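This report refers to the structure that appears directly beneath it.
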Amino acid sequence: MKKTILVTGGTGYIGSHTAVELISRKFSVKIIDNLSNSSVDTVNTIRRITGVRPHFTKLDLCDAKALAGWFRRNRDVIAVIHFAALKSVGESEKRPLDYYRNNILSTVNLLHELNVNHISSLVFSSSCTVYGEPDSNPVTEKSSIKPAASVYGNTKRICEEIIRDAAKEFPLRAISLRYFNPVGAHSSGLIGDSPVNPSDNLLPAITQTASGKRNILNVYGNDYPTPDGTPVRDYIHVVDLAKAHVAAIERLIGKKNNTSFEVFNLGTGRGYSVFEIINAFSDCTGVRLNFKITSRRPGDMTSIWADTAQANKELGWEAGLTLDDMVRTAWAWEQNHNKKSAAE
Ligand code: NAD
Ligand code: WQD
């Protein structure tokens, strides 16, 4: 019998890549998504890639009644990966209550159902944003959690605390994965980052400038105290990230966790500046980018990259894909996506 994993937010960017990896590891996948930032077409695309169509339900996790009904009808779920959330930092500052309501209420409703239905394994999507501007790099899981620089970041910090506390009420085993900067796309070129809501992340801005969707790439400041003046981040390929979720699920269902609430950083352990990413993109694709230096983006940190020793040791996982893989697959996805949109 295949083991069934519920993937909330499974038609989204990271969720869809994780669904593919779970299916390829012979898990059965059930997706819940309200499609607020993704398309139902992704379900068929996952089938195109894997040969298996995941079970899909359009449902808002904030709707407690509908969620309870779903769990009553789907008794085979043994573990949950909770991706569903609103994720735009800028938007969260303009719509704080929507972000608190969506991200926190959905998590509380989900935890309630886990308790009622005796499901004890949960993997949660957290973010390096909980560390704020670190005192030193690389950051370990023991580095201090700083007051969040955004409402979005605060929802991640609060949800981690709620999950930690929920494990006192019922026998929950949870892993919070703190992603650094997820980028890139599946090697098929069929799934990638295609938010319905506008995104202000660097890689989509680069590929959309290269494809002509944007006139120019704004580089948000070159006066940071870094080697080339632009901020440094730990970019990680989304397929590496997806594989870490499979490792986390296997750890939980194999009861190999050390404590009821574990946290792991997911990055490559290496930082790249904005200029290094732009150059890597141009070197890999041969496309020269039109960019201009603008003022700093409010809330941006100078530098952050991960210490991944815990994830390497405990999850038996390591990021294997290179910066070249990241920019190449992001570009292939942008080009494919444009072809598809033009054909529609
Ligand atoms: P995404 O927007 O592509 O996917 C999230 C999915 O959740 C979307 O399909 C959306 O429709 C769905 N969703 C949102 N609210 C929902 C609700 N109330 N009920 C049901 N579905 C809902 O985002 P992503 O990049 O795949 O991110 C996945 C998770 O990882 C999020 O929790 C995000 O905060 C976290 N994360 C993302 C990044 C990143 O840079 N992409 C970095 C760190 C953490
Ligand atoms: C990277 C660098 C920008 C766009 C965000 C969230 C974080 C996490 C990952 C969810 C920065 C620069 C960007 C552009 C630019 N998400 N940049 N021009 O800000 O590190 O992290 O996504 O959890 O919480 O805050 O990622 O990709 O937006 O920016 O110069 O058009 O690229 O200033 O230095 P960030 P990013």
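Note that the coordinates shown come from a computational prediction; the quantities given were computed from them, not determined experimentally. In each ligand, atom 1 is the first atom listed, and ligand 1 is the first ligand listed.
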For residues 83-93, tabulate all N or O donor-acceptor pairs below 3.5 Å that involve a side-chain atom, not counting sequence neighbours.
| residue | atom | partner | partner atom | Å |
| --- | --- | --- | --- | --- |
| S88 | OG | E91 | N | 3.2 |
| E91 | OE1 | Y99 | OH | 2.4 |
| E91 | OE2 | R95 | NH1 | 2.9 |
| S92 | OG | V89 | O | 2.7 |
| S92 | OG | Y152 | N | 3.0 |
| E93 | OE2 | V151 | N | 2.7 |

* Asked: Quick one: are S106 and H82 in side-chain contact, heavy atoms under 4.5 Å?
  ->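 In contact.
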* Measure the shortest side-chain to side-chain distance between H112 and V108 over non-hydrogen atoms and say whether it is less than 4.5 angstrom. =>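 Result no, sub-4.5 Å side-chain heavy-atom pair not found.
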Does [X] [atom1] have over 12 foreign heavy atoms under 6.0 Å away?
{"X": "R297", "atom1": "CZ", "value": "yes"}
{"X": "K3", "atom1": "NZ", "value": "no"}
{"X": "N258", "atom1": "CG", "value": "yes"}
{"X": "K2", "atom1": "NZ", "value": "yes"}
{"X": "R296", "atom1": "CZ", "value": "yes"}

* Check each protein residue for a heavy atom under 4.0 Å from ligand 2 and list those that pass, ordered by chain and number. =>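 Only V89, S127, T129, Y152, N181, D200, N201, L202, A205, L217, N218, V219, Y220, P231, R233, Y235, V274, R297, D300 have heavy atoms that fall under 4.0 Å of ligand 2, ordered by chain and number.
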* Asked: Using links of under 4.5 Å between side-chain heavy atoms of ILVMFWY residues, direct or through other members, which residues join L202 in one cluster?
  ->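 Members other than L202 - counting any ILVMFWY side chain reachable under 4.5 Å - are V183, L203, I206, L217, V219, Y235, Y272, V274, F275, I277, I278, F281, V287, L289, F291, I293, L323, M326, V327, W331.
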For ligand 1, which of its N or O atoms have a protein N or O partner closer than 3.5 Å, and how long is each gap?
| residue | atom | partner | partner atom | Å |
| --- | --- | --- | --- | --- |
| ligand 1 | 2 (O) | N37 | ND2 | 2.8 |
| ligand 1 | 3 (O) | Y13 | N | 2.8 |
| ligand 1 | 9 (O) | G12 | N | 3.4 |
| ligand 1 | 9 (O) | D33 | OD1 | 3.2 |
| ligand 1 | 9 (O) | D33 | OD2 | 2.6 |
| ligand 1 | 9 (O) | S38 | OG | 2.6 |
| ligand 1 | 11 (O) | D33 | OD1 | 2.6 |
| ligand 1 | 11 (O) | N34 | OD1 | 3.3 |
| ligand 1 | 11 (O) | S36 | N | 3.1 |
| ligand 1 | 11 (O) | S36 | OG | 3.3 |
| ligand 1 | 11 (O) | N37 | N | 2.9 |
| ligand 1 | 13 (N) | N34 | OD1 | 3.4 |
| ligand 1 | 15 (N) | N102 | ND2 | 3.1 |
| ligand 1 | 18 (N) | D60 | OD1 | 2.9 |
| ligand 1 | 18 (N) | N102 | OD1 | 2.8 |
| ligand 1 | 19 (N) | L61 | N | 3.0 |
| ligand 1 | 21 (N) | N34 | N | 3.1 |
| ligand 1 | 21 (N) | N34 | OD1 | 3.2 |
| ligand 1 | 25 (O) | K87 | NZ | 2.8 |
| ligand 1 | 26 (O) | Y13 | N | 3.3 |
| ligand 1 | 26 (O) | I14 | N | 2.8 |
| ligand 1 | 32 (O) | F83 | O | 2.7 |
| ligand 1 | 32 (O) | K156 | NZ | 2.8 |
| ligand 1 | 34 (O) | Y152 | OH | 2.6 |
| ligand 1 | 34 (O) | K156 | NZ | 3.1 |

